[in-house]
Student: 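I have a structure here, written as structure tokens, and I will follow up with some questions on it.
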Amino acid sequence: RVFINDVKVLKLSDDEVLIYLSPHSGPVNTSGSEWKRVTLFGRVLVAKETTAIRLTRMRGDHTSVRMMTKLEMPDGHSGFNSMKQGIVNLTQPVLSAFKFFLSLQELNQLDSRDGESFAELLLHVAEEDNIFRSETAKIKHRVKTLFTEMRGLREAKEKYDWIEPLIEAVLLRKLTKPRDVSTPANNVSHAEATKIGASFAINLALNLTGEGAVDAWMMRFPALLELDKDPDFKSWFRPMMNKIGVTLLGRVGWGLKTRVAIGAILSFLDLVSDVAVAYVFLREEEYLYCYFTMGTVLMNLFLSMALGVFQHWRAGPMALFKEFLYISFALKPVVDGYRVVYKSQDEKWIESRRVNPMVELTATKVLEIFAEAVPGCILQMYAYIQRGKTSSVAQLSILVAALSVGFSSATISYDWDVDPRHRKARPTFYGYVPDDGDRRAELFSAMAILSASVFMLRSLAVALLAVVGKDSAVAYVSVFMSADLALFLLVKVLRGDFLYWVPVEGFEAYPLALLMRVVMKVVTDFTAIVQFRHPNEMGGLYFSLNVLSTLLLPVPMLFVYEHRLRDEDTKLKQQLQGLWSLYFSGLVVSMTCIMLIHKTMNKSFIGTFISTKTAPQTLSSMFMDDSTPDSEKAEIFGHCRQMWAQVRPEVKFWVKTNWDTWQDAQPAWFTSAVRISIPQDMIPTSHDLEEIKKIRDSSEKRGSYSHLFGIATGKGKASATVQPSCLKVSDPLERE
């Protein structure tokens, strides 16, 4: 190819240069030797190619290179193949240069970015790998080549010669039972390293995030904990494994895919069973039951869409449209699961949403339980007790609902606790799930069965109350649940703990708090989700008392129902015996699960089940603790401001005192999402405040080729490309 371009070099700042190559606008000299050489091959195709290359200084010895190219073919010609070949031509030397400079890094010079780069190279299938037929041979060749070429990895192997077989076993990702290897790092053999690496796969299967899998894996083996503390390894080894974990989590079929698939299948089966039960009621001319069952399905659909609007409205109409499609086609659980893995660290995505993906995933499950599972199960149990019979479809529907609720409830508690970010931010609350894989599986199973059992018992109690009420069934149930909710809300108000933690300000914070308090109370009543003992939700002591009351509630209801049946026929008395059997079975199962949870959990967290701390008290004490790092203190901005009003002066002083330090050091937690959540009166300088206002209010997409080209051609403002001093981040890819 012959390039005839005009070149501009623009200095955007002291740390950034933009090289812009645009099609030559003047006459073209076709008499040159290069032009004649091209025409020897036949007809010449004249196309326009515009390229922008941005060079950004990262650190003293690092430069980020971003290249964007736009190919305009003549009419009637597709530019796809040309563009594809052009990208290959452009990226191959860049990749070679990247590998060359990375290979020069010594072990003591490696950092987190180098670790992530090693992970990308280990996971990248190169052309030379194709000479091997088996996947095992390809991985071993790739690992051996990288440990040979990279100076830092060679030095790592010289220090611990078992590192190479460890990485090989990790990448082979064979699902095996975890092995116990307690050997210290200096004495680990190659065989033991293979066992340690092979244990990585089971942790991927037991965790929702790659970081969580890595954390659980490293906590299990003393040798890995030593690596995590070794000055030569701690800066790059865990970031490398985190990158590998996140990537493999999306590839393997038994990891995230299986967990998301199980949840999605149970949710879909629950929906199908509800529709089937509604059809049975319709066929039997029980129209009220039919309409109520379908009403629960529609209510769940409506609340899910309302949540979608609340969460995604700032992302634009297209994002909302896609969200409605996911909800309508029952794909929301699948999408939410993948967002937790791939969007939790995506700063741009989080900026345009109200809450992070983990909170959205939890809210979706909670709303499904609240709007569909709970009323549906109560109705079907009520119909069974009232009519004295039930269809096999209704029985199956109750069973599927209980399994779905149990799995969703256990998943919520498990995923929140094992996430290393939560454990680091709240070490006194998160960590009750043990690090041992077998104990984790036992605990997860116990929590799932407990939630399913509590769901059945609470539904039985409310259904019995409705039956006892006869013609006033709705009134009986309404009065009971209203009194229970009123007591809970009264306790919250008297303790100054009514407002919900979601960062919504002004008048709308109060109706949102009322809605969320009611939803969370009802869901906890019917599921005993362990995560909801958090001070932001029920609180430890209230949660434990609530579970106890749920286990005992069916007893008075059954006695009242028995009194009513004193003069009834034998058939109904046999039904009563069946209900007593159901209750005692559920009680035994629930108590067994509670004892199993107590046995398998880390005992140091038992106090969280009887804690009386409120959310504002917990948040304030966390912030005022001198040992709390700035990264964790900054989480206060992710909460409703009224919750931390009592420490607002201290927060303001902390921000103003440390702002310049954060600006210069650019810590990883000091993202633009954090900056725009800081109240405006706490920003120390007017310049920084204006820049943050622009980011908060602007919907402009940085980094698009049209934006870069607009700057170079004078159609845009160069200052728009220069990242403001208050918004710089360590990774330009995240920024763009």
Student: Is any side-chain heavy atom of Leu457 less than 4.5 Å from a side-chain heavy atom of Leu551?
Tutor: yes
Student: Please report the closest heavy-atom contact between Ser451 and Gly406, naming both atoms and the distance.
Tutor: CB-CA, 3.9 Å
Student: Using a 6.0 Å distance limit plus a 45 degree cone around the ring axis, check whether Arg421 lies over the aromatic ring of Tyr430.
Tutor: no
Student: Donor-acceptor check, side chain of Ser611 to backbone of Gly540, threshold 3.5 angstrom: yes or no?
Tutor: no
Student: What is the distance from atom CD1 of Ile412 to atom CG of Leu361, rounded to the nearest 0.5 Å?
Tutor: 7.5 Å
Student: Any non-hydrogen side-chain atom of Tyr432 less than 4.5 Å from a side-chain atom of Leu443?
Tutor: yes
Student: Between Thr608 and Arg533, is any pair of side-chain heavy atoms under 4.5 Å apart?
Tutor: yes
Student: Any sub-3.5 Å donor-acceptor pair from Ser413's side-chain atoms to Ala410's backbone N or O?
Tutor: no
Student: Is Glu360 salt-bridged to Arg353, going by a charged N under 4.0 Å from an acidic O?
Tutor: no
Student: Any side-chain to backbone donor/acceptor pair from Ser549 onto Asn546? Under 3.5 Å, distance only.
Tutor: yes
Student: Does the side-chain contact (heavy atoms from CB on, under 4.5 Å) test come out yes or no for Tyr561 and Ile385, once each step is laid out?
Tutor: CA-CA 10 Å; Tyr561 183 60; Ile385 299 172; 3.5 Å; yes
Student: For the backbone of Asn300 and the side chain of Glu368, can you confirm whether one donor and one acceptor N or O come within less than 3.5 Å of each other?
Tutor: no
Student: Is the side chain of Trp644 donor-acceptor paired with the backbone N or O of Ile636 at a distance under 3.5 Å, no angle test?
Tutor: yes
Student: Please find the pair of heavy atoms, one from Met447 and one from Val530, that lie closest to each other, and give the distance.
Tutor: SD-CG2, 3.9 Å
Student: In sequence, state the C-alpha distance, the side-chain angles, and the governing distance for Ser397 and Gln380, and then conclude on side-chain hydrogen bond (donor to acceptor under 3.5 Å, both in side chains).
Tutor: CA-CA 9 Å; Ser397 178; Gln380 291 169 40; 3.3 Å; yes
Student: Using 0.5 Å steps for rounding, measure from the CG atom of Leu367 to the CG atom of Leu301.
Tutor: 12.0 Å
Student: So, for Asp484 and Arg458, which heavy atoms are closest and what is the spacing to 0.1 Å?
Tutor: OD2-NH2, 3.2 Å
Student: Does Glu537 form a side-chain hydrogen bond (donor to acceptor under 3.5 Å, both in side chains) with Tyr500? I'd like the steps, not just the answer.
Tutor: CA-CA 8 Å; Glu537 309 299 344; Tyr500 202 58; 2.9 Å; yes
Student: First locate atom OG1 of Thr527, then atom NZ of Lys365, and finally report the distance between them rounded to the nearest 0.5 Å.
Tutor: 12.5 Å
Student: Using the salt bridge (Lys or Arg N to Asp or Glu O under 4.0 Å) rule, take Glu635 and Arg426 through it: C-alpha gap first, then chi angles, then the decisive distance, then the call.
Tutor: CA-CA 11 Å; Glu635 291 191 3; Arg426 297 285 189 277; 3.5 Å; yes
Student: Any chance you could measure Met358, atom CE, to Thr362, atom OG1, to the nearest 0.5 Å?
Tutor: 6.5 Å
Student: Considering all heavy atoms of both residues, which atom of Asn536 and which atom of Ala615 are nearest to each other, and what is their separation?
Tutor: OD1-CB, 3.3 Å
Student: Using every non-hydrogen atom in the two residues, find where Ile597 and Ala446 come nearest and quote the distance to one decimal.
Tutor: CG1-CB, 3.7 Å
Student: Give a yes or no answer on whether the side chain of Arg440 reaches the backbone of Tyr414 with a donor-acceptor pair at less than 3.5 Å.
Tutor: no
Student: For Phe429 and Gln531, run side-chain contact (heavy atoms from CB on, under 4.5 Å): C-alpha distance rounded to whole Å, both residues' side-chain angles, the deciding distance at 0.1 Å, then the answer.
Tutor: CA-CA 10 Å; Phe429 183 84; Gln531 167 63 20; 4.1 Å; yes
Student: Mind checking whether Pro616 and Arg495 have side chains closer than 4.5 Å, heavy atoms only?
Tutor: no
Student: Who are the side chain to side chain donor-acceptor pair (under 3.5 Å) partners of Arg423, not counting sequence neighbours?
Tutor: Asp417, Asp435
Student: Sub-3.5 Å donor-acceptor pair from the side chain of Ser404 to the main-chain atoms of Val400, do we have one?
Tutor: no
Student: Find out whether Val491 and Tyr542 are in side-chain contact, i.e. whether some heavy atom of one side chain is under 4.5 Å from a heavy atom of the other.
Tutor: yes
Student: Just so I know, are the side chains of Met622 and Thr428 near enough to count as touching, which here means a heavy-atom distance under 4.5 Å?
Tutor: no
Student: Val454 versus Phe526: any side-chain heavy-atom pair under 4.5 Å?
Tutor: no
Student: Does the side chain of Val462 reach to within under 4.5 Å of the side chain of Met557, using non-hydrogen atoms?
Tutor: no
Student: Other residues, nucleotides and ligands only: do more than 12 of their heavy atoms fall within 6.0 Å of CH2 on Trp349?
Tutor: yes
Student: How long is the gap from CG on Leu489 to CG on Asp497, to the nearest 0.5 Å?
Tutor: 11.0 Å
Student: Tell me whether the rings of Trp416 and His422 are parallel (<30°), tilted (30 to 60°) or perpendicular (>60°).
Tutor: parallel
Student: For Gly376 versus Thr296, what's the shortest heavy-atom pair and its separation?
Tutor: N-CG2, 4.2 Å
Student: Hey, does the Lys NZ or Arg CZ of Arg517 hover above the aromatic six-ring of Phe488, less than 6.0 Å from the centre and inside 45° of the axis?
Tutor: no
Student: In terms of side-chain geometry, is the basic nitrogen of Arg339 or Glu323 positioned less than 4.0 Å from the acidic oxygen of its partner?
Tutor: yes
Student: Kindly say whether the aromatic ring centers of Tyr289 and Phe281 come within a distance under 6.0 Å.
Tutor: yes
Student: Using the rule given for side-chain contact (heavy atoms from CB on, under 4.5 Å), can you reason through Leu464 versus Leu460, listing the C-alpha separation, both sets of side-chain angles and the distance that settles it, and then say yes or no?
Tutor: CA-CA 6 Å; Leu464 284 169; Leu460 173 63; 4.0 Å; yes
Student: Please walk me through it: do Phe532 and Val523 pass side-chain contact (heavy atoms from CB on, under 4.5 Å)?
Tutor: CA-CA 9 Å; Phe532 293 163; Val523 170; 4.1 Å; yes
Student: For the CG atom of Leu403 and the CD1 atom of Ile449, what is their distance to the nearest 0.5 Å?
Tutor: 10.0 Å
Student: Is it true that a side-chain atom of Ser409 and a backbone atom of Val405 form a donor plus acceptor pair closer than 3.5 Å?
Tutor: yes
Student: Can you tell me how the ring of Tyr583 sits relative to the ring of Trp580, calling it parallel under 30°, perpendicular over 60° and tilted otherwise?
Tutor: perpendicular
Student: Check the orientation of Phe444 and Phe407. Use parallel for under 30°, tilted for 30 to 60°, and perpendicular for over 60°.
Tutor: perpendicular
